Amino acid sequence: MTRWARLTMTTSLNDARAPMSDQVRCRFAPSPTGFLHVGSARTALFNWLYARSVGGTFVLRIEDTDGDRNRPELIEVIFDELRWLGIDWDEGPLFQSDNRDRHRQVVSDMLSNGQAYVVDEHNEPVDGTELVDGQAVRFRVPVGETVSFIDSVRGDVSFATDDLEDFVVWRSNGTPPFLLANAVDDADMGITHAIRGEDLLSTTPKVQLILQAMGVTPPTYAHLPLLVNEQRKKLSKRRDDVSIADYRSRGYLPEAMVNHLALLGWGPDDDIEIRPIEEIVAKFTLERVNKSAAFFDIDKLDHFNATYIQQLDPDTFVANIMPHLTADERFGAAVDESVVRQFAAEVQQRVNVYADAGEWYDWLFLDDIEFDDKSFTKGLVKAKKGAEVLDGVIAAFGDCEWTAEVLNETVRGVGDELGVRSAVPVRVAVTGRSGGIPLYEPLEVLGRDAALKRLNLARERLAAV
RNA sequence: GCCCCGUUCGUCUAGCGGCCUAGGACGCCACCCUCUCAAGGUGGUAGCACGGGUUCAAAUCCCGUACGGGGUACCA
């Protein structure tokens, strides 16, 4: 049995149509023309949320009719990103291209019924009610009528057919355009709720006309507000940094991503934003979906991600950041997992994204640190008695007991003697930065020789300023 | 141009006629904590686009204006 044969079975089931509310069927229908981006992922998520929230079925369909831009190798990638996000599907993947004969049949029927007509390359109508190779078919849009429907998000929406031109339902290259294939497939698959982006709102009357011509009851539509960039324009793969895969590789957690995405165009009634997906499913309704566009705010995503990272058990955290650390070309080869583990708790509460973990650890694995200019200026050059502090610490570190506790007391002692705060200058000298995880335990691990080497280096550099 | 949709703090949102002196979150600022930076805690900053109605009462309903967006393809 082919994939599509299974579909047609659903169709016949659906034809019997006793649409019960517990028979909700949603679908996500990406076209494999690019990587999964945040806008598509949000659409997929809302379909999934709705299906799960009402115990319905979530179907995955690949809209691979756009021959030229189609990139089959991306199909698996899209699946992989969906799985990563935790968006699982109950049926499919089904491939639109498998339904080509059916699409052709529908258009053919339209021609014989006079609902559509053949046009030549100049868009001039051609006599005849048969599909002709090399010629397109246009739908005959009725005159003076109104197409209206109830959108679950937007309420009543209506369009005058007079504002619609006779749109193409079959291309001259022998393939169905999106409008036709999408409408037919939704009907055949018994889709009850089409949840999609608002950019498709104005194509809806055309879809309704097609369905009407087929004698099929259209699904309920829900048009989600668009995700926009800083300029308030629809997110675009070209302009915007929106690939789910990119976020994944930088070390965002799927839980954080999904949680954040769920809050774009929807909000719970109880002010609790960060919460498990099960709770979001339980609270989700289409009626609560907003109408206005939402900006994808990375700062907020970062906050969510940091929160989810903090909740991780330490072993998982270490396991997850290790690949990012060892992949770092500056110090990756020197990374010692036991050291990573020793200070993981401190890093875990500071890091927003796994990929940033290196910034907290690097000085422990680097032979030669680089000084952050701002830190060096503020922490040493402009610090009171910066040079004296370093001199004092260098002298004291030469023979003091090398334990975190003693190191702490020693640095403090030098500062007290000089009447200044000594911790930051030492930190800058040893780590290159003015901020970081608590200093003395790592310093104990780093060792006396390395510490002295850096202190002396910093002292020389300071003298040269 | 035409059609459609939208408009609550900078951002994401709660609000579905009185509970609003408009709540939460991110960001930002301050303070506490503190070896630093974070985290955490406390406090603060900032908004119903505008104008008309309707109503005893409007962020909430109606109309208009402005602004923004989407569509208007043999793309999806």
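Within every chain, numbering begins at 1; the chains are lettered A, B, ... in the order of the sequence lines, protein sequences first and strands thereafter. What you are looking at is a predicted structure, and each value in this text was computed from that prediction instead of being measured.
A/Ser202 contributes no side-chain N or O that forms a donor-acceptor pair with the base of B/C3 under 3.5 Å. Residue side chain A/Glu273 reaches the base of B/G24 through a donor-acceptor N/O pair under 3.5 Å, judged by distance alone.
Residue A/Arg138 is classed as a sugar-phosphate contact, given heavy-atom separations below 4.0 Å to backbone atoms only. Base contact: A/Ser172 has a heavy atom under 4.0 Å from a base atom.
Listed nucleotides B/A39, B/C74, B/U7 differ in distance to A/Val168; the shortest reach to its side chain belongs to B/C74. For A/Glu165, the listed nucleotide lying nearest its side chain is B/A73; candidates were B/A76, B/C5, B/A73. Distances were taken from every side-chain heavy atom of A/Arg171 (C-beta onward) to each of B/C4, B/C75, B/U8; the shortest belongs to B/C75.
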**OP:** Do nucleotides 62-69 of chain B as a string where each nucleotide becomes B, S or -: B if the base has a protein heavy atom under 4.0 Å, S if just the sugar-phosphate does, - if no protein is that close.
**Re:** -------S
**OP:** List the protein contact pattern of nucleotides 27-36 of chain B with one symbol per nucleotide (5' to 3'): B for base contact, S for sugar-phosphate-only contact, - for none; contact means a heavy-atom distance under 4.0 Å.
**Re:** --------BB
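Not less than 6.0 angstrom separates the ring centroid of A/Tyr117 from the ring centroid of A/Phe139. In this structure, the ring of A/Tyr247 has its center less than 6.0 angstrom from the ring center of A/Phe296. Ring centers of A/Phe331 and A/Trp363: at least 6.0 Å apart, outside the cut-off.
Checking A/Thr175 against A/Arg171 by side-chain atom types alone, a donor-acceptor pair falls below 3.5 Å.
Nearest-nucleotide positions on RNA chain B place A/Ser158 closer to the 5' end than the other of A/Arg42 and A/Ser158. Projected onto RNA chain B by closest heavy-atom contact, A/Phe304 and A/Trp360 fall at different nucleotides, the more 5' of which corresponds to A/Phe304.
For A/Asn290 and B/C12, the shortest distance from a side-chain N or O to OP1 or OP2 is not below 4.0 Å.
Of the residues in residues 256-272 of chain A, those lying under 4.0 Å from RNA chain B by heavy-atom distance are A/Leu263, A/Leu264, A/Gly265, A/Gly267, A/Pro268, A/Asp271.
The shortest side-chain heavy-atom distance between A/Phe343 and A/Leu364 falls under the 4.5 Å cut-off. Here the side chains of A/Pro30 and A/Ile62 are in contact, with some heavy-atom distance below 4.5 Å.
To the nearest angstrom, C1' of B/A76 lies 12 Å from NZ of A/Lys206.
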**OP:** Evaluate the criterion ring pair (Phe, Tyr, Trp, His ring centres under 6.0 Å) for residue pair A/Tyr50 and A/Phe58; output intermediate values, then yes/no.
**Re:** CA-CA 9 Å; A/Tyr50 183 61; A/Phe58 179 60; over 10 Å; no
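Taking both residues in full, the closest heavy atoms of A/Asn352 and A/Ile309 are given as O-CD1, 3.5 Å, listed atom of the first, atom of the second, then distance.
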